[in-house]
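One is the number of the first residue; the rest follow in order along the sequence.
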Amino acid sequence: MIRIDEIYNNTFWPWLCQHRPGVRALMCDPFGRSDPDSVIGYGREDMHEHNYIFFFDQEPIHLNIHMATFDRVRANNADLQDKRPAIGAICTSERDSDNVDTLCAKYGWKSYYYFFHGWAALDWYRGYDKTFLITPPDQRKITKTFVAPNRIIAGERQHRLEMLYHIFKNKLMNNHISCPEVCPAENISILDAVRPLAAKYPDIETVFANTALPMHFRGETDHPMHSCWLSLFDECAESLLYLVTETVATGRRHHLTEKTFKPIAMGMPFVIVGTRGSLEYLRSYGFRTFEDIWDESYDQAEDAVRIERIASLLRSLDELPPEAKQDLFDQAQEVVEHNWNHFYNGGFEAILWTELKDMLNGIEYTS
């Protein structure tokens, strides 16, 4: 297993030194930062350097935010351009991405991809299969339809506000939901954050104003960051499914994070609020989804209606009596067990390792 916090210095840089000498490696440090001042690099003093690769693999690409960072990378490697034709490259965690295509066209970069967040999830959630924190599926009594954590809800995460709007408007609050009153990352009130969505949903400000906020999970007094560990064991044990509101949910790109693997590691069915084709993308890594249990056609819906399709699915499930929800949960166990075994017993890791090695072997360079 890769130690995700050491992936650059223990995995990528040693491989580049051995197999692609003369290639500089750049990345953002510490994890989670993506601004120009966070760019650091590894280089060689014992040989001429003539290529570089930028690992922008932790965060999704937002062209309206990150262009200064990409300009910095280009400027930091300007000395290579005058010596001989250099190959610049970017490695991301986005597949089939318009944003990656735009960057490569602008800077003349080659593009490479691997599933960073798959490795992160394997590292962060290791060992939970050897605890007694997670209620076994056959001992769960399903009384709720979904559990839905929400922390960062403004800025580039407005799809979470749109999802919450449908939850509140459809009176689906008899579920396990968290929602801040002020976004902890953007420091903006939720009523201010929803205003840009008023053109699509004219009543959105009223819906949020009439909803008692903040909403907390049991035992919480704020909205702590839970990305790198599992939590909400009691809430999950009572819920039919985990509503995953991913980091990005619009545009042509595939980008899933550790959030998607929380229900898998918790032994739960899930619905993903993500970009178009997110379920298909996840299945390409050997996981299964729940198309035989409920309607998953939302996954191929256009951006403008995908969240509305998800809301319709949640509403129909929420209207079921408790015994019907329990029956659906029981029907889903074959898929749940497959996903849990695939995650914890090496199948997913084997796919990721083959993908990562193929990515490294495909890196082009000039000698």
Side-chain angles (χ1 to χ4, degrees), residues 32 59-65 99 144-217 220 222-227 232 235 239 241-251 253 255-260 262-263 270-276 278 298-299 301-315 317-318:
E59 298 294 321
I61 295 170
H62 296 297
L63 297 177
N64 59 323
I65 296 175
N99 288 343
K144 306 289 185 181
T145 304
F146 59 86
V147 55
N150 294 276
R151 180 172 175 267
I152 301 176
I153 43 80
E156 299 297 330
R157 311 290 196 270
Q158 283 199 329
H159 56 282
R160 294 176 181 166
L161 292 174
E162 188 172 352
M163 190 72 253
L164 285 166
Y165 162 77
H166 287 289
I167 289 173
F168 298 159
K169 182 175 177 123
N170 288 290
K171 303 188 184 307
L172 305 178
M173 280 90 80
N174 187 32
N175 289 288
H176 291 303
I177 305 163
S178 69
C179 178
E181 190 173 14
V182 176
C183 178
E186 302 290 334
N187 196 30
I188 181 175
S189 76
I190 200 165
L191 292 180
D192 289 334
V194 299
R195 288 197 181 103
L197 295 170
K200 183 175 183 180
Y201 303 109
D203 63 340
I204 192 168
E205 292 182 63
T206 301
V207 168
F208 275 84
N210 292 334
T211 302
L213 297 173
M215 292 182 176
H216 299 293
F217 291 124
E220 291 185 358
D222 53 14
H223 294 81
M225 191 279 289
H226 282 184
S227 293
L232 307 177
E235 290 82 358
S239 302
L241 64 89
Y242 198 114
L243 181 63
V244 179
T245 48
E246 263 295 352
T247 301
V248 294
T250 58
R253 54 178 160 181
H255 184 277
L256 295 178
T257 70
E258 78 288 339
K259 300 172 188 66
T260 286
K262 287 195 170 191
F270 50 83
V271 167
I272 298 179
V273 183
T275 57
R276 183 178 185 181
S278 289
Y298 70 84
D299 187 52
E302 299 290 341
D303 288 355
V305 299
R306 189 161 50 257
I307 288 178
E308 294 177 5
R309 297 273 184 88
I310 293 172
S312 178
L313 170 61
L314 295 179
R315 186 171 61 250
L317 293 174
D318 201 64

Enquirer: A side-chain contact here means heavy atoms from C-beta on lying under 4.5 Å apart; do Phe146 and Leu314 qualify?
Expert: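 Yes. Closest side-chain heavy atoms under 4.5 Å.
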
Enquirer: Quick one: are Thr250 and His159 in side-chain contact, heavy atoms under 4.5 Å?
Expert: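 SC-SC contact between Thr250 and His159 ruled out.
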
Enquirer: Quick check for you: to the nearest 0.5 Å, what is the distance between Ile153 atom CD1 and Ile188 atom CD1?
Expert: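 Going from the CD1 atom of Ile153 to the CD1 atom of Ile188 covers 8.0 Å.
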
Enquirer: Side-chain contact, heavy-atom cut-off 4.5 Å: Glu162 with Val273?
Expert: no

Enquirer: Would you compute the distance between atom CG of Leu63 and atom CG of Asn99 and round it to the nearest 0.5 angstrom?
Expert: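 Separation between the atoms: 4.0 Å.
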
Enquirer: Is the closest side-chain heavy-atom distance between Leu232 and Val147 below 4.5 Å?
Expert: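 Yes, side chains in contact.
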
Enquirer: Report yes if the side chains of His226 and Phe217 come closer than 4.5 Å at any heavy-atom pair, otherwise no.
Expert: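 No, side chains not in contact.
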
Enquirer: Would you confirm whether Asp303, through its side chain, and Arg276, through its main-chain N or O, come within 3.5 Å as a donor-acceptor pair?
Expert: no

Enquirer: For a 4.5 angstrom cut-off between non-hydrogen side-chain atoms, does Pro180 reach Leu213?
Expert: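 No, too far: nothing below the 4.5 Å cut-off.
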
Enquirer: Please test Thr275 against His255 for side chain to side chain contact (heavy atoms under 4.5 Å, CB included), starting from the C-alpha separation and ending with a verdict.
Expert: CA-CA 8 Å; Thr275 57; His255 184 277; 5.8 Å; no

Enquirer: Report yes if some heavy atom in the side chain of Lys144 is under 4.5 Å from a heavy atom in the side chain of Asn174; otherwise report no.
Expert: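 Of all side-chain heavy-atom pairs linking Asn174 with Lys144, at least one is under 4.5 Å.
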
Enquirer: Regarding Asn170 and Arg315, is there a side-chain donor-to-acceptor distance under 3.5 Å anywhere?
Expert: yes

Enquirer: Considering all heavy atoms of both residues, which atom of Gln158 and which atom of Leu197 are nearest to each other, and what is their separation?
Expert: O-CD1, 3.9 Å

Enquirer: For Ala304 and Lys200, work out which heavy atoms get closest and say how close.
Expert: O-NZ, 2.9 Å

Enquirer: Please report the interatomic distance CZ(Phe208) to CZ(Arg195), rounded to the nearest 0.5 Å.
Expert: 12.5 Å

Enquirer: Tyr201 vs Tyr165 aromatic rings, parallel, tilted or perpendicular, using cut-offs 30° and 60°?
Expert: tilted

Enquirer: Do you know which two heavy atoms are closest between Gly274 and Glu246, and how far apart they sit?
Expert: CA-CB, 4.2 Å

Enquirer: At what distance, to the nearest 0.5 angstrom, does CD1 of Ile190 lie from CZ of Arg160?
Expert: 12.0 Å

Enquirer: Atom NZ of residue position Lys171 - does it have more than 12 heavy atoms of other residues, nucleotides or ligands inside 6.0 Å?
Expert: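 No, not enclosed.
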
Enquirer: Can you tell me how far the NZ atom of Lys259 sits from the CD1 atom of Ile272, to the nearest 0.5 Å?
Expert: 12.0 Å

Enquirer: Looking only at heavy atoms, what is the nearest atom pair of Ala154 and Ala193, with distance?
Expert: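 Shortest heavy-atom separation between Ala154 and Ala193 comes out as CB-CB, 4.0 Å.
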
Enquirer: Any chance you could measure Asn150, atom CG, to Ile167, atom CD1, to the nearest 0.5 Å?
Expert: 6.5 Å

Enquirer: Please say whether more than 12 non-hydrogen atoms of neighbouring residues, nucleotides or ligands are located less than 6.0 Å from CG in Asn210.
Expert: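 It does: Asn210 CG has more than 12 such atoms within range.
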
Enquirer: Distance alone, cut at 3.5 Å: any donor-acceptor contact between the side chains of Asp203 and Thr206?
Expert: no

Enquirer: Work out which heavy atom in Arg306 is nearest to a heavy atom in Ala249; give both atom names and the distance.
Expert: NH2-O, 2.7 Å

Enquirer: Kindly indicate whether the side chain of Thr245, heavy atoms from C-beta on, has any atom under 4.5 Å from the side chain of Leu164.
Expert: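 Not touching, per the 4.5 Å side-chain cut-off.
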
Enquirer: Could you walk me through whether Met163 and Ile310 pass the side chain to side chain contact (heavy atoms under 4.5 Å, CB included) check?
Expert: CA-CA 8 Å; Met163 190 72 253; Ile310 293 172; 3.9 Å; yes

Enquirer: So if I apply the side chain to side chain contact (heavy atoms under 4.5 Å, CB included) rule between Val248 and each of Arg157, Glu59, His62, which one comes out positive?
Expert: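 Running side chain to side chain contact (heavy atoms under 4.5 Å, CB included) over Arg157, Glu59, His62 with Val248 returns exactly one hit, His62.
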
Enquirer: Which heavy atom of His176 sits nearest a heavy atom of Ser239, and at what distance?
Expert: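 Closest heavy-atom pair between His176 and Ser239: CD2-OG, 3.5 Å.
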
